[in-house]
Amino acid sequence: MEIKFIKGDITRQKVDAIVNAANSSLMGGGGVDGAIHRAGGPKILEECEEIVNKIGRLPTGQAVITTAGKMPSKYVIHTVGPIYKNIEHRTQSTELRNCYINSLKLASEKGLKSIAFPSISTGAFRYPLEEAAPIAIQAVKDFLTKEASIKEVYFVLFNNATYEAYVNAA
């Protein structure tokens, strides 16, 4: 099993699944969510609409899966990270951890071998990088010690500051 950190564009990763830091409506938005919907094309939105019609809005920390449309990955795992509010830190850190764990569980259930994560909640949802990076890395490590089906986990980090925060946390 390997955990790798790369600076780049998650929509271009050739892995079994990429993870989308989605909003609860699953209808696309800004940041990585918008980039994934644009790169994947309308098929992702169609599948997200079907999911929302079935289950309603996706709760924070949960994960669902769609195909990846036009992207090189096979699937997109959509998860909703917490919106950072300093007063609810313990709850938020659990929710953030659950984003990673539930995404990995879903990938494992599908028999996937490789997955790529962005830095969930650290953009528009304002989770501080210095707090989010160790939570993300520890969640992945904890999962991989119990479940060996996933062989490669990538953190695909969009800019230098995010990349450095994750490398330093590791």
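What's counted below: heavy atoms across the whole structure, side chains too, no hydrogens, waters or symmetry copies. If you read the sequence from its start, that first residue is 1, and numbering goes on from there.
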Heavy-atom donor-acceptor pair, [X] side chain to [Y] backbone, under 3.5 Å:
{"X": "E147", "Y": "K105", "result": "no"}
{"X": "S73", "Y": "K14", "result": "no"}
{"X": "N23", "Y": "G28", "result": "yes"}

Shortest non-hydrogen separation from [X] to [Y] and the atoms involved:
{"X": "S103", "Y": "I115", "result": "O-CD1, 4.1 Å"}
{"X": "L129", "Y": "Y166", "result": "CD2-CE1, 4.1 Å"}
{"X": "I135", "Y": "S93", "result": "CD1-CB, 3.6 Å"}
{"X": "T11", "Y": "A35", "result": "CG2-O, 3.7 Å"}
{"X": "D16", "Y": "S114", "result": "N-OG, 2.9 Å"}
{"X": "P82", "Y": "Q92", "result": "CG-O, 3.5 Å"}

Determine whether [X] and [Y] make a side-chain contact, defined as any pair of heavy atoms from C-beta on separated by less than 4.5 Å.
{"X": "P118", "Y": "F158", "answer": "no"}
{"X": "V153", "Y": "F143", "answer": "no"}
{"X": "V156", "Y": "V15", "answer": "no"}
{"X": "M27", "Y": "L45", "answer": "yes"}
{"X": "I36", "Y": "M71", "answer": "yes"}
{"X": "E131", "Y": "L96", "answer": "no"}
{"X": "I150", "Y": "M1", "answer": "no"}
{"X": "V19", "Y": "T79", "answer": "yes"}

Candidate pair T66 and E50, rule side-chain contact (heavy atoms from CB on, under 4.5 Å), full reasoning: CA-CA 10 Å; T66 65; E50 289 174 22; over 6 Å; no
Are [X] and [Y] linked, directly or through other ILVMFWY residues, by side chains that come within less than 4.5 angstrom of each other?
{"X": "I6", "Y": "F155", "answer": "no"}
{"X": "V76", "Y": "L106", "answer": "no"}
{"X": "V140", "Y": "V32", "answer": "no"}
{"X": "Y75", "Y": "Y154", "answer": "no"}

Once you round to the nearest 0.5 Å, how far does [atom1] of [X] lie from [atom2] of [Y]?
{"X": "I51", "Y": "I65", "atom1": "CD1", "atom2": "CD1", "value": "9.0 Å"}
{"X": "L104", "Y": "I77", "atom1": "CG", "atom2": "CD1", "value": "7.5 Å"}
{"X": "E152", "Y": "L144", "atom1": "CD", "atom2": "CG", "value": "11.5 Å"}
{"X": "C48", "Y": "H37", "atom1": "SG", "atom2": "NE2", "value": "4.5 Å"}
{"X": "I101", "Y": "S108", "atom1": "CD1", "atom2": "OG", "value": "11.5 Å"}
{"X": "K151", "Y": "L112", "atom1": "NZ", "atom2": "CG", "value": "13.0 Å"}

Mutual orientation of the aromatic rings belonging to Y100 and F117 [parallel < 30°, tilted 30-60°, perpendicular > 60°]: tilted
Worked check of side-chain contact (heavy atoms from CB on, under 4.5 Å) between I44 and N20: CA-CA 11 Å; I44 295 173; N20 180 16; over 6 Å; no
Verdict with supporting geometry, V80 and Q62, side-chain contact (heavy atoms from CB on, under 4.5 Å): CA-CA 6 Å; V80 180; Q62 298 302 307; over 6 Å; no
Donor-acceptor pair between T67 and E47 side chains, under 3.5 angstrom: yes
Distance-only side-chain donor-acceptor flag, D142 / Q138, under 3.5 Å: yes
